[in-house]
Protein chains: 2
Amino acid sequence: MYFCNMGTKLVDGSISVDCWERLRAINDTKDILSGKWKVMIIACLASFGKKRYMELQRLLAGIGTKMLSKELQELEINGLITRTVMNTKPITVEYELTNYGHSLKPIIDEMALWGKSHRGKIIDEIAKKE
Amino acid sequence: MYFCNMGTKLVDGSISVDCWERLRAINDTKDILSGKWKVMIIACLASFGKKRYMELQRLLAGIGTKMLSKELQELEINGLITRTVMNTKPITVEYELTNYGHSLKPIIDEMALWGKSHRGKIIDEIAKKE
DNA sequence: CAGTATCCTAATGGATACTG
DNA sequence: CAGTATCCATTAGGATACTG
C-alpha cells in the first residue's frame with residue numbers, strides 16, 4: 001500500500017512503487033511532448049536534419065510564428081534541440097536535434113508504425129462497409 | 001516534389017511521399033492519444049487489467065467524472081477498450097483493453113523507458129549543480 | 001455505482017501587425 | 001529572416017449537482 005501522487009493530488013492506491021513510477025514516467029514523457037506541434041517538429045528535424053525557422057514553418061503547414069517560436073523554445077529548454085544563430089545578413093537561425101533529442105526516436109518510430117497500421121485498419125473497415 | 005497536407009492546409013513541400021506519410025502517421029497516433037488522461041488510462045488498463053469506472057477514477061488521482069467518461073468513450077469509439085455493463089445492483093461497468101488497445105504497448109513502453117531515464121537525467125543535473 | 005448536465009475558468013492556439 | 005506583441009476565438013478541462 002503506497003501513496004500515489006500523479007501530478008498534484010495524493011491518493012491512497014494499492015499499487016506498487018514500480019508500477020507507480022512507470023505511470024509517472026509515461027506522464028513525464030507525455031508532458032515533454034505536449035503541445036500541438038512538438039512531436040511533429042522533432043520528427044521533421046529527425047528526418048530532415050538541420051532546418052531553419054522558415055523551413056520548419058513551411059514543413060509544418062499551418063503553424064504560426066507564435067506557436068513555432070514557443071514550441072521551439074520549450075524543446076530547447078528541455079535539451080532536445082539546439083538553436084544556432086548564423087552569421088548571415090539578415091540573420092538566419094538553424095535548429096537541430098541534439099543527441100538527447102534523437103533519444104526520442106524509438107517513441108516516434110513506434111508512433112509512426114502504429115499510426116500507419118491504424119490508418120490501414122480504418123481504410124479496411126470502410127472498404128468492408130461498402 | 002509533392003503536396004503536403006498535414007491536416008487542413010496544403011503546402012508545396014519538397015518531401016517524399018514516404019516521408020509525408022510517416023509524418024501523417026505520427027500525427028494520427030498523436031490524435032488518438034490526445035487528451036490529458038488517455039495515455040494514462042491505457043497504461044492503467046494495461047497494467048491492472050479489467051477495471052471498473054470507480055477504480056479507474058481512484059487510480060487516476062484527480063480526474064473528474066466528466067473527463068473520465070469522455071476519454072473512455074473516445075477510447076471505446078477507437079476500438080481500444082471495451083465497456084461491459086455487469087449484471088449487478090447497482091450496475092457496475094468494467095473497462096478493458098482490447099487486443100487492438102494492447103497494440104499500443106510498444107509506444108507506452110518506450111514512453112515509460114524514456115520518461116524514466118529523463119527523470120534520472122534531471123536528477124543528475126540537479127545533483128551536479130549542488 | 002456510473003454516469004449526465006451545467007457552469008465556469010484557464011489554457012491553447014490562430015491571425016495579424018510590428019521590429020531588429 | 002526570425003522572431004515578439006497583441007488581441008481574439010475556441011477548446012480543454014475542473015467543480016458541482018443531479019439521475020437511473
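Just so you know, these numbers come straight off a predicted model, no measurement behind them. Labels below follow one simple rule: chain letters A, B, ... track the order of the sequence lines, proteins then strands, and each chain is numbered from 1.
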So which atom in B:Ser103 and which in A:Trp114 form the shortest heavy-atom distance, rounded to 0.1 Å?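 Between these two residues, the closest heavy atoms are OG-NE1, 2.8 Å.
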Does a nitrogen or oxygen in the side chain of B:Arg83 sit under 4.0 Å from OP1 or OP2 of C:dA2?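 It does not, given that no N or O in the side chain of B:Arg83 lies less than 4.0 Å from OP1 or OP2 of C:dA2.
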Can you tell me if the side-chain N/O atoms of B:Tyr95 get under 4.0 Å from OP1 or OP2 in C:dC1?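 For B:Tyr95, the contact criterion (side-chain N or O under 4.0 Å from OP1 or OP2 of C:dC1) is not met.
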For [X] and [N], what is the distance between atoms [atom1] and [atom2] respectively, to the nearest whole Å?
X       : N      : atom1 : atom2 : result
B:Leu60 : D:dG13 : CG    : C1'   : 15 Å
B:Ile41 : D:dG13 : CD1   : C1'   : 13 Å
A:Leu68 : C:dG13 : CG    : C1'   : 13 Å
A:Leu56 : D:dC1  : CG    : P     : 13 Å
B:Gln57 : D:dT16 : CD    : P     : 13 Å
B:Glu71 : D:dG13 : CD    : P     : 6 Å
A:Met67 : D:dT10 : CE    : P     : 17 Å
B:Glu55 : C:dC1  : CD    : C1'   : 11 Å

Report the end-to-end axis angle of the helix from C:dC1-D:dG20 to C:dG20-D:dC1; each axis comes from five terminal pairs, and the value is rounded to 10°.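 Answer for the end axes of this duplex: 50°.
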Atom NZ of A:Lys36 and atom NZ of A:Lys70: how far apart are they, to the nearest 0.5 Å?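 Rounded to the nearest 0.5 Å, the NZ-NZ separation comes to 11.5 Å.
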Considering only D:dA2, C:dA2, C:dG14, which nucleotide approaches the side chain of A:Ile91 most closely?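 Of the candidates, D:dA2 comes closest.
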Angle between ring planes, B:Tyr53 versus B:Tyr95, binned at 30° and 60°: parallel, tilted or perpendicular?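 Ring orientation, 0 to 90° scale: tilted.
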In terms of heavy-atom contacts, does [atom1] of [X] have more than 12 from other residues, nucleotides or ligands at under 6.0 Å?
X        : atom1 : result
B:Lys121 : NZ    : yes
A:Asn99  : CG    : no
B:Lys116 : NZ    : no

Do B:Thr29 and A:His118 have side chains that get closer than 4.5 Å, going by heavy atoms?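 Answer no - side chains too far apart.
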Check side chain to side chain donor-acceptor pair (under 3.5 Å) between A:Asp28 and all other residues, then give those that pass, not counting sequence neighbours.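 Testing A:Asp28 for side chain to side chain donor-acceptor pair (under 3.5 Å), a comparison that skips the adjacent residues, returns B:Arg119.
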DNA chain C: 5'-proximal contact among A:Gly35 and A:Pro90 (nearest heavy atom):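 Closer to the 5' end of DNA chain C: A:Gly35.
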Does a side-chain N-to-carboxylate-O contact under 4.0 Å join A:Asp109 and B:Arg22?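 Looking at A:Asp109 and B:Arg22, the cut-off is met.
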Please enumerate all protein N or O atoms sitting under 3.5 Å from an N or O of nucleotides 4-8 of chain D, with distances to 0.1 Å.
{"unit_1": "D:dT4", "atom_1": "OP1", "unit_2": "A:Gln73", "atom_2": "NE2", "d": "2.9"}
{"unit_1": "D:dT4", "atom_1": "O4", "unit_2": "A:Thr65", "atom_2": "OG1", "d": "2.9"}

